[in-house]
Amino acid sequence: MTVTASSHRSPQVGTADSGRHATATLAAAVLGFFVITLDATIVNVALPSIRDALGGGITGLQWVVDGYTLMFAALLLSAGALSDRIGARKAFAGGLVLFVAASLACGLAPSLPVLIASRVVQGIGAAVTMPTSMTLVRHAFPDPARRARAVGVWAMGGAVAAAAGPVLGGVLSLTSWRMIFFINLPVGLLTLALLARSPQSPTRPAPFDWIGQITGILAMGGLTFGAIEAGDAGFTAPKVLASLGIAAVALAAFVLAQAKVAHPMVPLSLFRSTTVVIATGIGFAFMVGFYGLPFVFSLDFQQHGLSALGAGIAFLPMMLLSACLTPFSARIAERTGPRVPVIAGLVLIAAGSIALAVLPASAPVWASALLLIPVGLGGPLVMPPTTAVLLEHVPAEQTGTASGVFNTSRQIGGALAVAVFGALISGTAGFQHGLRISLTLAAVVALAAALAAPRMAAARHSA
């Protein structure tokens, strides 16, 4: 009888243990995704305080933002191969440890160059952490229904972080701008403690495309450096022309390598699909507005006399409504098809940008805050359906690569928006002129993507 009772209890205990492990894994993945998303939005409102403490002009502040975003974009595609080689759990832990250590270095930075270098290392850690967090969720929830709910929780972690970033950055800046980096330490340690309760991840041999990775970094870095430095030196400056030339040569080498190497980081066959090309462009266009506008308005709001906290509160309607709409985006796409929400979201971003561009410089801050709301609402309308359409139209063995390409295009869009918009607002024509040109560019890019979006939806049935 004892043996029989024991044999009945074991499956229950095993099931309970599996459930606890899955819950701990999900909590770790959500916290990891939360903290790296937070660091992309929490910095903006603290930029004037950082400038006051460490010096540097707009160019230095651009690098504080883009040092993180650039490395995030450049290494996303390689993170999948690393995860496959050593297992998602080890890769996630390694990326998070690097991110937390770099956060400590950011908080202790005695000068602007040290802060920028630490932000670059943060971006490397984030590039490993983000995709492996999603892989951990997939492994922990083999049942499709439970996995779908877990992915929804995981996505909400990013949405909450994006909404909380500006306000939390303002609150922490009341003590010191350094606190926006120190806050990552307890969150990171808690995440690692939860990760210790998750099971080991499977591994498999995965080739690494060194040529593609190096040329990719050179292309992205050269383009971003040229755009940022053009704000101070002008587009005809030798260092700007040299960096743009390096970017062009590196991009050509990258494309050639992807066509020739045995295991390319980005198989060029992926881009034979119209859907993939358009979805990638939409991801880029979306981030130009969603990432670029908070950067310039963080500076604009504080030029109008707001504190860092006041600037964060001014972003709250935009971010909060975006987070509230996120849980309903899938249901909207199911009822209308992906075409309607994607186009509507891009048009909202364009409309908000145009309205902000024609708003008089003397208008109160609350008017700008209200007009930023359409830009925020564009996020949940555009991204989930675009992602779903993309993944439905690539072979199963290429979904990870396609997802990496899509997320890389988004990060590049954000990095270039900060680079170009920062160059415009720091130009000789003045801040307000540069701001209006930046908003006009954001609107044009969003409208171009909106015009292309119907072809993506049409390709959904034929790709």
Side-chain angles (χ1 to χ4, degrees), residues 41 44 159 162 227 277-298 300-301 314-315 317-326 329 332-333 336-361 363 366-387 389-390 406 409-425 432-458:
T41 60
N44 284 329
V277 173
I278 294 176
T280 302
I282 288 173
F284 177 94
F286 163 75
M287 285 293 281
V288 168
F290 197 77
Y291 200 72
L293 267 59
F295 171 76
V296 292
F297 275 99
S298 292
D300 181 66
F301 287 159
F315 283 112
M318 169 192 177
M319 296 298 189
L320 193 58
L321 289 175
S322 174
C324 290
L325 182 59
T326 297
S329 60
I332 293 171
T336 65
R339 175 184 300 179
V340 173
V342 170
I343 295 175
L346 291 167
V347 170
L348 280 172
I349 292 172
S353 300
I354 292 170
L356 287 163
V358 300
L359 192 70
W366 61 261
S368 297
L370 288 177
L371 291 176
L372 280 168
I373 290 175
V375 178
L377 292 178
L381 291 174
V382 173
M383 282 299 97
T386 302
T387 305
V389 170
L390 172 70
F406 180 64
S409 74
R410 295 178 62 215
Q411 297 301 322
I412 293 173
L416 283 180
V418 170
V420 173
F421 294 178
L424 288 169
I425 63 176
Q432 287 300 320
H433 177 77
L435 177 62
R436 295 184 194 284
I437 299 298
S438 300
L439 291 166
T440 303
L441 284 175
V444 169
V445 171
L447 285 174
L451 291 173
R455 293 188 62 198
M456 178 192 69

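One is the number of the first residue; the rest follow in order along the sequence.
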Nearest non-hydrogen partners of Val347 and Ala450, listed with the distance: CG2-CB, 4.3 Å
Quick one: pull up OG in Ser353 and CG in Leu371 and give me the separation to the nearest 0.5 Å. 10.0 Å
Side chains of Asn44 and Phe297, heavy atoms from C-beta outward: is any pair under 4.5 Å? no
List the atom of Val288, the atom of Ala417, and the distance in Å for their closest heavy-atom pair. O-CB, 3.6 Å
What are the two closest heavy atoms between Ala227 and Val420, and how far apart are they? CB-CG2, 4.2 Å
For Ala314 and Phe301, work out which heavy atoms get closest and say how close. CB-CE1, 3.6 Å
Start with the C-alpha distance between Phe421 and Leu293, add both sets of side-chain angles, then the distance that settles side chain to side chain contact (heavy atoms under 4.5 Å, CB included), and finish with yes or no. CA-CA 9 Å; Phe421 294 178; Leu293 267 59; 4.0 Å; yes
From Ile343 atom CD1 to Leu447 atom CG, the distance as rounded to the nearest 0.5 Å: 11.5 Å
Mind listing the closest non-hydrogen atom pair of Met318 and Pro294 along with its distance? CE-CG, 4.1 Å
When rounded to the nearest 0.5 angstrom, what is the spacing between CZ in Arg410 and CD1 in Ile412? 12.5 Å
Only one of Asp300, Val418, Thr41 forms a side-chain contact (heavy atoms from CB on, under 4.5 Å) with Phe295, so which one is it? Val418
Once you round to the nearest 0.5 Å, how far does OG1 of Thr386 lie from CD1 of Ile278? 10.5 Å
List the steps, then state whether side chain to side chain contact (heavy atoms under 4.5 Å, CB included) holds for Trp366 with Leu370. CA-CA 6 Å; Trp366 61 261; Leu370 288 177; 3.6 Å; yes
Could you go through Val389 and Val342, starting from their C-alpha distance and side-chain angles, then the distance that decides it, and tell me whether this counts as side chain to side chain contact (heavy atoms under 4.5 Å, CB included)? CA-CA 11 Å; Val389 170; Val342 170; over 6 Å; no
Rounded to the nearest 0.5 angstrom, the CG-CZ distance for Leu424 and Arg436 is 13.5 Å
One should read off an interatomic distance between Gln411 CD and Phe284 CZ, to the nearest 0.5 angstrom, of 12.0 Å
Verify, without hydrogens or angle tests, whether Ser409 (side chain) and Gly283 (backbone) share a donor-acceptor contact under 3.5 angstrom. no
Restricting to non-hydrogen atoms, name the atom on Ser298 and the atom on Phe315 that form the minimum distance, rounded to 0.1 Å. OG-CE1, 3.4 Å
